[in-house]
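Remarks on the structure that follows.
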Amino acid sequence: MSRLFAVLRALVLPLAVVVAVASAPLAQAQPKPPPKEFVALSDVDPTILQEMRYFTPHNFTGHRVDGYRRPLCLLTRPAAEALRGAQRALLRRGYGLKVYDCYRPQRAVNDFVAWAKDLDDLRMKAEFYPRVAKSRLFLDGYIAEKSGHSRGSTLDLTIVRLPAMPTRPYVPGEPLVPCYAPKELRFPDNSVDMGTGYDCFDTLSHTADPRVQGVQRANRMLLKSLMEKAGFVNLAEEWWHYTYRAEPFPDTYFDFPVSRRPAP
């Protein structure tokens, strides 16, 4: 009898161990913190306003974009310090900078690509791409599988007159107005009038589009002049898009989430 018990015990114990291991919760992967070369812009210059659109549903996808865990502008330190120089020059005029997007993880770019392939999701078309068929967003260059933002030295920004009141929150489902409509009709933004809203998928967003004249053109050229003097180069198709010329990671596309570095 004792021998039979020993045999049964030898069979049951390994099975119990297997069951216990299989039923144990899987360890959760910890998100990677930003590399030490990245900084929060607010730590370098807290006077630059931040309205991080992809942390909210008010963007061309209509949802918070994957990878944005905080409404936070992260940049490589050289880009952030150069931007501080542009801000100082602008403050003397009674104006300031506002960023819409900075470092963008590759997972966010992947989210854009997946959204662009879903041709049935047109919830934000009336505002952000009213004159472009969604099926052409790749062909026309509005969406791509890689973004300079993922290298950490590219940002989207505008100019605000100070003091600037906060932009009201977007309410999902509210009526949409084309991004190229007159400023008083578009979704409210505390920026100066640049002729279109941010992320407007339209040729009117080209920085030097000849149809944009007067105060709107002057505002675009002011931003361009300030940023170029600070060491940035503009993407000609987007008045808001600038990359630091001496970017430290010209060939590296990062994928850590937008979040604060954990305290030591």
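- The NZ atom of K98 lies 13.5 Å from the SG atom of C73; values are rounded to the nearest 0.5 Å.
- With ring centers used as reference points, W115 lies 6.0 Å or more from F128.
- Across all non-hydrogen atoms, the minimal contact from R104 to V109 is CD-CG2, 3.9 Å.
- Heavy-atom minimum distance, S205 versus C200: OG-O, 2.7 Å.
- Residues D209 and R220 are not paired through a salt bridge, judged by the lack of any N-O separation under 4.0 Å between the basic side chain and the carboxylate.
- Within the 4.5 Å cutoff, side-chain heavy atoms of L137 are placed close to those of V132.
- Taking every heavy atom of both residues into account, L226 and A89 meet most closely at CD2-CB, 3.8 Å.
- Criterion: ILVMFWY side-chain heavy atoms under 4.5 Å apart, direct or through other members. Under it, F187 and V177 are not part of a common hydrophobic cluster.
- Residues E37 and P248 are not in side-chain contact: their nearest non-hydrogen atoms beyond the backbone lie 4.5 Å or more apart.
- For K224, the NZ atom counts as loosely surrounded, since its 6.0 Å shell holds 12 or fewer non-hydrogen atoms of other residues, nucleotides or ligands.
- The ring pair (Phe, Tyr, Trp, His ring centres under 6.0 Å) test with F112 singles out one residue from Y54, Y142, F138, and that residue is Y54.
- Between the side chain of D156 and the backbone N or O of V99, no donor-acceptor pair lies under 3.5 Å.
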Could you go through L176 and M124, starting from their C-alpha distance and side-chain angles, then the distance that decides it, and tell me whether this counts as side chain to side chain contact (heavy atoms under 4.5 Å, CB included)? CA-CA 8 Å; L176 301 177; M124 303 302 285; 4.2 Å; yes
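- The heavy-atom pair separating T196 from W240 by the smallest distance is OG1-CZ3, 4.2 Å.
- Side chains of E81 and V44 form a contact here, defined as non-hydrogen atoms less than 4.5 Å apart.
- The closest donor-acceptor contact from the side chain of K146 to the backbone of Q106 lies at 3.5 Å or more, if one exists at all.
- Ring pair F38/Y103: centre-to-centre distance below 6.0 Å.
- F55 and Y170 fall within a single hydrophobic cluster, where Ile, Leu, Val, Met, Phe, Trp and Tyr are joined by side-chain heavy atoms under 4.5 Å apart, directly or via other members.
- The distance from the CG atom of D199 to the CD atom of E238 is 7.0 Å, given to the nearest 0.5 Å.
- When R77, R84, R260 are each tested for a salt bridge (charged side-chain N to carboxylate O under 4.0 Å, His left out) with D43, only one passes: R260.
- Judged purely by distance below 3.5 Å, without hydrogens or angles, the side chains of Y253 and R151 pair a donor atom with an acceptor atom.
- Here R211 contributes atom CZ and R217 contributes atom CZ; the two are 12.0 Å apart, rounded to the nearest 0.5 Å.
- With N219 contributing its side chain and D193 its backbone, the two residues share a donor-acceptor pair below 3.5 Å.
- Remark: the D189 side chain and the Y100 side chain contain an N/O donor-acceptor pair separated by less than 3.5 Å.
- Atoms OH and CG, from Y68 and D111 in turn, are 10.0 Å apart once rounded to the nearest 0.5 Å.
- Within 6.0 Å of CD in E228 there are more than 12 heavy atoms belonging to other residues, nucleotides or ligands.
- With S225 contributing its side chain and L222 its backbone, the two residues share no donor-acceptor pair below 3.5 Å.
- The hydrophobic clustering, which links ILVMFWY residues whose side-chain heavy atoms are closer than 4.5 Å, places I159 and F232 together.
- Residues A164 and L49 share a closest heavy-atom pair of CB-CD1, 3.9 Å.
- The side-chain heavy atoms of P105 and V258, taken from C-beta on, include a pair separated by under 4.5 Å.
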Tell me, with the steps shown, if L83 and M227 meet side chain to side chain contact (heavy atoms under 4.5 Å, CB included). CA-CA 8 Å; L83 192 63; M227 294 297 285; 3.7 Å; yes
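- The nearest pair of heavy atoms linking K134 to D121 is NZ-O, 2.8 Å.
- To the nearest 0.5 Å, atoms CD (E237) and CG (D202) are separated by 13.0 Å.
- A 6.0 Å sphere centred on CZ of R245 holds no more than 12 heavy atoms belonging to other residues, nucleotides or ligands.
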Evaluate M194 against K183 for side chain to side chain contact (heavy atoms under 4.5 Å, CB included), listing each step before the verdict. CA-CA 9 Å; M194 293 290 189; K183 190 176 192 299; over 6 Å; no
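- Using a 4.5 Å heavy-atom threshold, the side chains of M52 and R70 count as separate.
- Judged by distance alone, the side chains of R131 and T203 never bring a donor and an acceptor atom under 3.5 Å apart.
- Hydrophobic clustering places L90 together with V192 (ILVMFWY residues linked when any side-chain heavy atoms are closer than 4.5 Å, directly or through intermediates).
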Run E127 and R186 through side chain to side chain contact (heavy atoms under 4.5 Å, CB included) and show every step you take. CA-CA 8 Å; E127 179 175 353; R186 299 195 303 260; over 6 Å; no
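- With R53 contributing its side chain and D101 its backbone, the two residues share no donor-acceptor pair below 3.5 Å.
- A distance of 11.0 Å separates OG1 of T61 from CG of D118, quoted to the nearest 0.5 Å.
- With contacts defined as side-chain heavy-atom distances shorter than 4.5 Å, the pair L155/C102 qualifies.
- Atom CZ of R161 sits in a sparse spot, with 12 or fewer heavy atoms from other residues, nucleotides or ligands closer than 6.0 Å.
- At a threshold of 4.5 Å between side-chain heavy atoms, the hydrophobic network of Ile, Leu, Val, Met, Phe, Trp and Tyr places L223 and M221 in two separate groups.
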